[in-house]
Protein chains: 2
Amino acid sequence: MTQQIAGIPADADISRADSLAREIFSDVANKWALLIIETIGDGTLRFSELRDRVEGISHKMLTQNLRMLERNGLVTRTVHPTVPPRVEYTLLEAGQALRATVDLMCEWTQYYLSDIESARSRYQA
Amino acid sequence: MTQQIAGIPADADISRADSLAREIFSDVANKWALLIIETIGDGTLRFSELRDRVEGISHKMLTQNLRMLERNGLVTRTVHPTVPPRVEYTLLEAGQALRATVDLMCEWTQYYLSDIESARSRYQA
DNA sequence: CGGAATCCGTTTCGATACTG
DNA sequence: CAGTATCGAAACGGATTCCG
């Protein structure tokens, strides 16, 4: 941490926080991450359940995004040391909070679905 | 439109609506699109103003995303036939509504910034 | 100035095969 | 079953150039 007086952060801290914010935003503002969060919801799902429910996601994208979400503290990963192994994912607080915004986005999509469809037809020009 | 009885949509309609919804969600759940929407806000901005304010966006990505947003009816594009030309972008109703969800997402990012940062440090394992 | 088009390196992504 | 590694194909994204 760079030196700073009282509660006023040094410029370096501001720009560091900004770039961190941008990085997090970029991590999270992506189709697969948001769909995974929405799918886990307030429950707990296994890897294979997620792969089945998040339509169209590949094995690779699922692990990749789950790692990212785990790294950022949005989900927990619980490994049950059985055979075959059983790995479960649950949203943590930050993940739940983000889910609220994803819910809104999904509602938005449903609400404007027909408007957007007609906008698209109109766009032929 | 495929045949249907009363208000009950045929299966084909449901899956068409679903795939449309997914398509729209994929269009919109992307870093640049969301940042552009957030930046336009409730104002009107020129192409060059947007390029300056949406940090790190290239000429190409900006036009590409603006076309997409225009096509989906989220923004209007107004061309003033002067020389040099002046093109302005404003959010339409659907765009404003989506902006509300982006605002939430930005607040989320700020609120959980430090939590996420410490989660990342903890992740070294 | 805004935008289309081109070129070209980088990243993403899916498929496949392999490990514990 | 969950995850890693590898390998092409495809999409993304930046830089540049030309046009209205």
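Throughout, a chain's letter reflects where its sequence line sits, starting with A, and its residues are numbered from 1. In this text the structure is predicted, and so the values were computed from the model without any measurement.
Sorted by first and then second residue, the ring pair (Phe, Tyr, Trp, His ring centres under 6.0 Å) pairs involving residues 22-50 of chain A (not counting sequence neighbours) are Phe47(A)-His59(A). Pairs of residues two or more places apart, or lying in two chains, that qualify as salt bridge (charged side-chain N to carboxylate O under 4.0 Å, His left out) and include a residue from residues 24-40 of chain A are Asp27(A)-Arg120(B). Sorted by first then second residue, the side chain to side chain donor-acceptor pair (under 3.5 Å) pairs that include residues 94-108 of chain B, not counting sequence neighbours, are Gln96(B)-Arg99(B). Contacts classified as salt bridge (charged side-chain N to carboxylate O under 4.0 Å, His left out) and involving residues 41-69 of chain A (residues at least two apart or in different chains) are given here: Arg67(A)-Glu70(A). Pairs of residues two or more places apart, or lying in two chains, that qualify as side chain to side chain donor-acceptor pair (under 3.5 Å) and include a residue from residues 73-95 of chain A are Thr44(A)-Thr90(A), Arg77(A)-Tyr89(A), Arg86(A)-Glu88(A), Glu93(A)-Tyr112(B).
Looking only at side-chain heavy atoms (C-beta outward), Leu74(A) and Leu92(A) stay at 4.5 Å or farther from each other.
Residue Tyr111(B) places its OH atom among 12 or fewer non-hydrogen atoms of other residues, nucleotides or ligands, all under 6.0 Å distant.
Taking side-chain N and O atoms only, Arg51(B) has no distance below 4.0 Å to OP1 or OP2 of dC1(C). The shortest distance between the side-chain N/O atoms of Arg77(B) and the OP1/OP2 oxygens of dG2(C) is not below 4.0 Å.
Heavy-atom contacts of chain A under 4.0 Å fall on DNA chain D between two terminal nucleotides, which in 5' to 3' order are dC1(D) to dC7(D).
Remark: Ala119(B) engages Arg122(B) in a side chain to side chain contact (heavy atoms under 4.5 Å, CB included) (not counting sequence neighbours). Partners of Arg71(B) according to the salt bridge (charged side-chain N to carboxylate O under 4.0 Å, His left out) rule, which considers only residues two or more places apart in sequence or in another chain, are Glu23(B). For Ala21(B), the side chain to side chain contact (heavy atoms under 4.5 Å, CB included) criterion is met by Thr109(A), Gln110(A), Leu113(A), not counting sequence neighbours.
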**Asked** With the sugar-phosphate defined as primed atoms, P, OP1 and OP2, and the base as all remaining atoms, what B/S/- string results for nucleotides 5-20 of chain C, 5' to 3', for protein heavy atoms under 4.0 Å?
**Response** -BB-----BBB----B

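One can place OH of Tyr89(B) at 15 Å from P of dC1(C), the figure rounded to the nearest angstrom. Computed from coordinates, the Leu62(B) CG to dA4(C) P distance equals 11 Å when rounded to whole Å. Per the geometry, CD belonging to Glu70(B) stands 15 Å off P belonging to dG2(C), to the nearest Å. Glu49(B) places its CD atom 13 Å from the P atom of dG3(C), with the value rounded to the nearest Å.
Across the helix from dG2(C)-dC19(D) to dG20(C)-dC1(D), the helix axis at one end is tilted relative to the axis at the other end by 30° (nearest 10 degrees, each axis from five pairs).
Through direct or relayed side-chain contacts under 4.5 Å between Ile, Leu, Val, Met, Phe, Trp and Tyr, Leu104(B) connects to Leu104(A).
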